[in-house]
Amino acid sequence: CVLTFYSPYRYHETPNAIYLNISKGSHEFMLETILHELLYLVFEKELIDKSALERKDKIDKVFIELWGDIFPDYHAQVANN
């Protein structure tokens with residue numbers, strides 16, 4: 001995980017890099033974001049042929065299934081969960 005002050009909130013690069021702007025958001029948001037981006041790396045091969053909307057939907061569903069009780073305020077990026 002690369003911590004920075006000069007980027008968007010977060011993004012990932014395959015095969016194994018997560019970038020997080022630590023000047024934005026709370027500690028809880030940062031942990032939530034790292035886990036969210038990590039799921040993109042874990043499911044990269046499964047999601048490669050999916051649309052952006054399908055990828056986000058899958059990641060949000062898995063995040064809520066795994067960590068929804070820990071992050072009850074997590075808001076899915078896709079409305080049709």
Measuring from atom CG of Leu47 to atom CG of Leu39, what distance do you get when rounded to the nearest 0.5 angstrom? 9.5 Å
Could you tell me which residues satisfy ring-ring contact (aromatic ring centres under 6.0 Å, His included) with Phe71, sequence neighbours excluded, listed by chain and number? Phe63
If you round to the nearest 0.5 Å, how far is CD1 of Ile34 from CD of Glu32? 11.0 Å
For Glu54, check side-chain hydrogen bond (donor to acceptor under 3.5 Å, both in side chains) against everything at least two apart and list the hits. Ser51
Can you name the closest pair of heavy atoms from Leu66 and Asp69 and give their distance? O-OD1, 4.0 Å
Salt-bridge criterion met for Asp57 and Lys61 (N-O under 4.0 Å): yes
Salt bridge (charged side-chain N to carboxylate O under 4.0 Å, His left out) partners for Glu46, two or more places apart: Lys58
Can you name the nearest heavy-atom pair linking His36 to Ile59, along with the distance? CE1-CG2, 3.6 Å
Using 0.5 Å steps for rounding, measure from the NZ atom of Lys50 to the CD1 atom of Ile48. 12.0 Å
Rounded at 0.5 Å granularity, tell me how far CZ in Arg55 sits from CG in Asp49. 9.5 Å
